[in-house]
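Below is one structure, written out as structure tokens; the observations come after it.
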Amino acid sequence: MMNLNLTGATRLNIILGDPIAQVKSPGGVTQAFIDRGHDGMLVPVQVGVEDLEALLKLADTIKNLDGVIVTVPHKFSCFKHCSSTSARAGFLGAVNIMRRRKEGGWHGDMVDGLGFVGAVRGKGYDPKGKRALLIGAGGAGSAIAMALVEAGVRELAVHDGDAKRRDHLIDRLATLGKADIRVGSSDPEGYDLVANATPAGMKAGDPLPVDVTKLESTTFVGCVITVPAVAPVIEAARRIGCPTSTGTEMYNALQSSMLDFLLAPEARS
């Protein structure tokens, strides 16, 4: 389907991560550029934490580089490189997408949460009024937590192996005054919705992020992992009869928001 006429005029966008082989967005975003009549492409770039600063400084100088999509583990560090951000990204202290500003520097946003909630709603499930458990308080997890609170969950429990990171997120979310925010665990019993925002399941032999024996068949289970396409926790939840959403479905719900951001009129004029 793709019909990219690649020339020196083609605008460059990159997606940063480590690892990076698991991402599916380069083809999808490039095709979306074509569908919107934009001469642009997205290419994957694998860069480690120790080399990220050097890469971002180089990115500042690449004149045909318009946008950066950010994946694990760089969302908090890339936030610090932005000259401006959306209110949502500023609240979370993390970005997953950046576009070059006309006046110089980068403008960032964090839209992972919109994708997760979009995938959940796409399955006909409404988070409003539900008790939710979030596993993982990293960049994606923080965004999902905020989106769930904004979507109207009545309670959100957060579990993360890094207690300091977990507590920081809980304290920030509590300031919104929109839900009961508390410390959670890997026990999903009693929750209506469980969100896995950790990489647990990407590698063979990874432990499951929650005790699936405690899941009820009515519990909605969502996951951010795109490789494998159906994460082990989703497989286990489906065997119980739980409604689910996958990382790929989250990405599909997210892609339109990313394109809108990268191709915003203020970025093109």
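As the structure is a computational prediction, the values presented were derived from the model and not from experiment.
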Notebook entry, point to check: Pick from Ser245, Cys242, Pro127: which one makes a side-chain contact (heavy atoms from CB on, under 4.5 Å) with Phe220?
Noted result: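 Result: among Ser245, Cys242, Pro127, Ser245 is the only option passing the side-chain contact (heavy atoms from CB on, under 4.5 Å) with Phe220.
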
Checklist line | Residue of the set Ile97, Val117, Asn96, Thr71 for which side-chain contact (heavy atoms from CB on, under 4.5 Å) holds with Asp112 | finding: Asn96

In Å and rounded to the nearest 0.5 Å, what is the [atom1] to [atom2] distance from [X] to [Y]?
{"X": "Arg166", "Y": "Ser142", "atom1": "CZ", "atom2": "OG", "answer": "13.0 Å"}
{"X": "Thr248", "Y": "Met250", "atom1": "OG1", "atom2": "CE", "answer": "10.5 Å"}
{"X": "Arg101", "Y": "Trp106", "atom1": "CZ", "atom2": "CH2", "answer": "11.5 Å"}
{"X": "Asn5", "Y": "Ile34", "atom1": "CG", "atom2": "CD1", "answer": "9.5 Å"}
{"X": "Ile69", "Y": "Arg99", "atom1": "CD1", "atom2": "CZ", "answer": "13.0 Å"}
{"X": "Asn196", "Y": "Ile234", "atom1": "CG", "atom2": "CD1", "answer": "7.5 Å"}

Under 3.5 Å, side chain of [X] to main-chain N/O of [Y], donor-acceptor pair present?
{"X": "Asp206", "Y": "Lys203", "answer": "yes"}
{"X": "Thr219", "Y": "Leu215", "answer": "no"}
{"X": "Asn13", "Y": "Gly67", "answer": "yes"}
{"X": "Thr61", "Y": "Leu58", "answer": "yes"}
{"X": "Arg88", "Y": "Met110", "answer": "yes"}
{"X": "Ser257", "Y": "Val111", "answer": "no"}
{"X": "Thr175", "Y": "Arg172", "answer": "yes"}
{"X": "Ser86", "Y": "Ala89", "answer": "yes"}

With the side chain counted from C-beta on, respond yes when [X] and [Y] share a heavy-atom pair under 4.5 Å apart, and no when they do not.
{"X": "Leu133", "Y": "Leu193", "answer": "no"}
{"X": "Leu92", "Y": "Met146", "answer": "yes"}
{"X": "Val210", "Y": "Val212", "answer": "yes"}
{"X": "Leu173", "Y": "Phe91", "answer": "yes"}
{"X": "Leu6", "Y": "Met41", "answer": "yes"}
{"X": "Val43", "Y": "Ile15", "answer": "no"}
{"X": "Leu263", "Y": "Leu259", "answer": "yes"}
{"X": "Cys78", "Y": "Leu52", "answer": "yes"}

Salt bridge check, [Y] against [X]: does any charged N sit closer than 4.0 Å to a carboxylate O?
{"X": "Arg100", "Y": "Asp66", "answer": "no"}
{"X": "Asp180", "Y": "Arg154", "answer": "no"}
{"X": "Arg131", "Y": "Asp192", "answer": "no"}

How close do [X] and [Y] get, heavy atom to heavy atom, and via which atoms?
{"X": "Gly115", "Y": "Ala253", "value": "O-CB, 3.5 Å"}
{"X": "Gly141", "Y": "Leu134", "value": "O-CD2, 3.3 Å"}
{"X": "Met98", "Y": "Leu262", "value": "O-CD2, 3.8 Å"}
{"X": "Gln255", "Y": "Val29", "value": "OE1-N, 3.7 Å"}
{"X": "Thr198", "Y": "Val224", "value": "O-CG2, 4.1 Å"}
{"X": "Lys214", "Y": "Pro188", "value": "CB-CD, 3.6 Å"}

Linking I/L/V/M/F/W/Y whenever any side-chain heavy atoms sit under 4.5 Å apart, do [X] and [Y] land together?
{"X": "Phe33", "Y": "Tyr251", "result": "yes"}
{"X": "Val23", "Y": "Ile225", "result": "no"}
{"X": "Leu16", "Y": "Phe76", "result": "no"}
{"X": "Val158", "Y": "Leu176", "result": "yes"}
{"X": "Leu169", "Y": "Ile135", "result": "no"}

Next item on the list: Check step by step if side chain to side chain contact (heavy atoms under 4.5 Å, CB included) holds for Leu156 and Val149.
Entry: CA-CA 7 Å; Leu156 177 66; Val149 170; 4.0 Å; yes

Next item on the list: Kindly confirm or rule out a cation-pi arrangement of Lys130 over Tyr191, judged by NZ or CZ under 6.0 Å from the six-membered ring centre and within 45° of its axis?
Entry: no

Check whether the side chains of [X] and [Y] place a donor and an acceptor atom closer than 3.5 Å, and report yes or no.
{"X": "Asp211", "Y": "Thr213", "value": "yes"}
{"X": "Asp39", "Y": "Thr10", "value": "yes"}
{"X": "His107", "Y": "Ser84", "value": "yes"}
{"X": "His81", "Y": "Asp60", "value": "yes"}

Taking [atom1] in [X] as the centre, count heavy atoms belonging to other residues, nucleotides or ligands within less than 6.0 Å. Is the count above 12?
{"X": "Glu53", "atom1": "CD", "value": "no"}
{"X": "Lys123", "atom1": "NZ", "value": "yes"}
{"X": "Glu216", "atom1": "CD", "value": "no"}

Next item on the list: Please test His74 against Asp18 for side chain to side chain contact (heavy atoms under 4.5 Å, CB included), starting from the C-alpha separation and ending with a verdict.
Entry: CA-CA 8 Å; His74 302 313; Asp18 187 22; 4.3 Å; yes

Item checked: salt bridge (Lys or Arg N to Asp or Glu O under 4.0 Å) between Asp260 and Arg36, intermediate numbers included -> CA-CA 10 Å; Asp260 290 345; Arg36 293 197 185 196; 2.9 Å; yes

Item checked: Worked check of side chain to side chain contact (heavy atoms under 4.5 Å, CB included) between Cys223 and Thr246 -> CA-CA 5 Å; Cys223 186; Thr246 66; over 6 Å; no

